[in-house]
Amino acid sequence: MSDEATLDGQLTEVDAVVIGSGFAGLYSIHRLRNVLGLEVQAFDNAGGVGGTWYWNRYPGARSDTEVNAYCYSFDKELFHEWKWSERYPRQSEILAYLNHVADRHDLRRSITFNTQVTDVTWDDERGRYLITTDEGKRYAAQFLVEAVGLLSATKIPDFPGQDSFRGEIYHTARWPHEKVDLAGKRVGVIGTGSSGIQVISEIAPEVGRLTVFQRTPQWVVPSRHRPIAPGLLEKIENDYEGYWHDVLYSTTCFGFDESDVAAESVTPEERARRFEEVYEDGGGFQYMFRAFNDVATSRVANAAATDVIEKKIRATVTDPNLANQLIPGDLYAKRPLCCDNYYETYNRDNVSLVAVKNNPIVEVTPEGVRTADGVVHELDVLVLATGFDAVSGNQLKIKHTGRNGVSLQGKWHDRPRTHLGLMTTGFPNLFMIYGPMGPFTNQPPAHEAQVEWVARAIEFVRDRGAGSIEAIQQAEDAWVAECDEIANQTLFSVVDSWINGSNIPGKPVTNMFYMAGMAAYMDKMQAEEDSEYAENFVLGNATVPA
Ligand code: NA7
């Protein structure tokens with residue numbers, strides 16, 4: 001940063017600050033700095049790039065999105081050159097890819113690591129955000145891009161006595177960089193979401209004894225992990241633009257053919273046949289969206305989907321009582337899970353399940369975990385696969401003050417509110433990548449589309465000589481109402497999970513997504529550009545209608 005850029009002694013002036021250096025943050029830096037030519041300062045509280053993939057180093061961590069849609073599209077040469085080894089790449093491979101992207105586009109020099117942004121305040125007079133870090137450094141930036149991650153703020157339970165545990169405790173998303181030696185040890189895992197099922201399946205053969213503390217069972221289908229289909233990446237390259245266009249103009253952005261057939265429209269036999277077929281091919285999102293198009297909206301379709309999984313669980317788990325405990329008596333309407341060998345793991349002699357819904361964990365003792373029935377489950381290592389304060393959690397960790405002193409914490413007290421998941425009224429020039437009320441899709445392609453929208457909005461503001469852009473209240477109200485109306489037609493709204501905030505005690509339980517699909521979302525973003533932001537935004541210092 002040049003000396004000329006320093007104002008007021010301590011205040012460093014840049015064009016844009018980016019928070020986060022995962023998929024979204026890295027691309028934001030590239031797009032704003034390398035393409036738009038802005039002076040960009042980025043921050044990450046991690047010690048390196050990677051976001052989710054920097055933090056989630058637990059054994060078994062891998063993407064459960066097929067890699068042909070879990071990568072960047074903006075750099076065709078990169079797509080050609082980077083050799084993925086597997087259909088669902090491991091954390092280490094994705095992290096290596098993101099590091100490679102950072103090097104390839106020289107992004108690292110714009111990022112200050114190990115630094116938490118603590119405070120962002122809009123200064124109306126200056127037309128700048130004043131941004132403070134945990135080291136007390138201060139920056140002024142006209143534009144602020146928050147790429148802080150949908151699933152980043154860890155949910156660490158606070159069981160009585162937790163500090164007294166004599167063994168080691170790790171949250172899956174704060175896993176140490178050095179290898180944790182689990183060989184032969186007595187390991188407990190709390191949580192059976194995406195992270196829990198991966199860690200359980202991976203470590204069971206290695207540990208001495210594995211105790212799984214399961215509060216709510218989930219529906220798990222196999223991943224059917226395998227090498228990337230021969231010729232697939234070459235086929236994509238042959239119609240590169242067409243492929244990525246189709247990914248973005250689909251519902252879920254996963255790069256597979258989504259079904260346009262309703263399970264309700266076919267016979268029960270055909271339903272079972274098709275679910276069986278997709279189950280055998282593997283993949284959670286595939287099972288939910290490739291077999292039929294109404295699994296997330298129709299109870300009939302949903303029940304047909306779970307009938308097949310239930311039969312598979314019973315056929316796999318040899319102890320019928322254990323099978324009963326592993327079968328959710330609930331809808332299939334959380335984030336869909338997949339993992340190979342998950343149910344098979346429970347047939348191992350060294351694995352036991354403790355159902356803690358009706359027999360909750362009451363304390364952690366020096367020896368292990370005590371459940372309400374008085375049993376102390378003795379452990380050497382306790383793994384907390386307990387999830388995240390998702391969607392709004394990371395944003396709310398930063399103190400935000402907007403125009404006229406409005407506080408984001410206050411504004412979002414009852415629920416997060418945005419327009420398009422990109423901007424929130426009262427906060428000019430603050431852009432969120434994958435913010436609340438954004439699309440419910442595979443993330444990397446959606447991030448790219450949002451970052452590009454943001455970059456074009458910034459370009460527009462600068463070209464017009466306007467100081468700022470801000471979503472108007474009516475637009476935000478209408479967007480929230482539309483999102484809710486759509487979400488209420490889905491089964492996600494009636495099942496407890498991080499998707500609606502119900503995993504965090506005290507957090508408002510509310511819809512936090514636009515669930516009409518990415519194609520519809522692309523049209524919404526495009527409409528704003530086509531109208532030159534005239535309908536739902538105000539430019540410059542104009543007073544925003546109440
Ligand atoms: P999830 O999906 O939120 O799962 C967290 C799990 O931890 C879930 O089984 C919870 O049970 C369990 N949990 C949380 N707190 C407790 C306590 N206090 N006692 C017992 N069990 C508890 O988080 P993940 O990290 O697995 O995955 C999050 C997303 O990251 C995933 O969907 C991917 O998109 C990536 P509960 O269901 O609340 O009863």
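Just so you know, ligand 1 is whichever comes first in the structure, and atom 1 is the first atom listed for that ligand. Numbers for residues simply follow the sequence, beginning at 1.
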Which pairs of N or O atoms, one from ligand 1 and one from the protein, are separated by less than 3.5 Å, and what is the distance for each pair?
unit_1: ligand 1; atom_1: 7 (O); unit_2: Ala385; atom_2: O; d: 3.2
unit_1: ligand 1; atom_1: 9 (O); unit_2: Thr192; atom_2: N; d: 2.9
unit_1: ligand 1; atom_1: 15 (N); unit_2: Lys155; atom_2: NZ; d: 3.0
unit_1: ligand 1; atom_1: 25 (O); unit_2: Ser195; atom_2: OG; d: 2.6
unit_1: ligand 1; atom_1: 26 (O); unit_2: Ser194; atom_2: N; d: 3.0
unit_1: ligand 1; atom_1: 26 (O); unit_2: Ser195; atom_2: N; d: 2.8
unit_1: ligand 1; atom_1: 26 (O); unit_2: Ser195; atom_2: OG; d: 3.3
unit_1: ligand 1; atom_1: 32 (O); unit_2: Arg335; atom_2: NE; d: 3.4
unit_1: ligand 1; atom_1: 32 (O); unit_2: Trp498; atom_2: NE1; d: 3.0
unit_1: ligand 1; atom_1: 34 (O); unit_2: Arg335; atom_2: NE; d: 2.9
unit_1: ligand 1; atom_1: 37 (O); unit_2: Thr216; atom_2: OG1; d: 3.4
unit_1: ligand 1; atom_1: 38 (O); unit_2: Arg215; atom_2: NH2; d: 2.9
unit_1: ligand 1; atom_1: 39 (O); unit_2: Arg215; atom_2: NE; d: 2.8
unit_1: ligand 1; atom_1: 39 (O); unit_2: Thr216; atom_2: OG1; d: 2.4

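Relative ring orientation between Tyr72 and Tyr27 is described as tilted, the plane-to-plane angle lying within the 30° to 60° band. The aromatic rings of Tyr521 and Tyr514 sit tilted relative to each other, their planes meeting at an angle between 30° and 60°.
Counting heavy-atom neighbours within 6.0 Å of Arg299 CZ, excluding the residue itself, gives a total of 12 or less. The 12-atom threshold is not exceeded at CD of Glu485, counting heavy atoms of other residues, nucleotides or ligands nearer than 6.0 Å.
The ring of Phe256 has its center no closer than 6.0 angstrom to the ring center of Phe285.
No hydrogens or angles considered: a donor-acceptor pair under 3.5 Å links the side chains of Tyr434 and Thr441.
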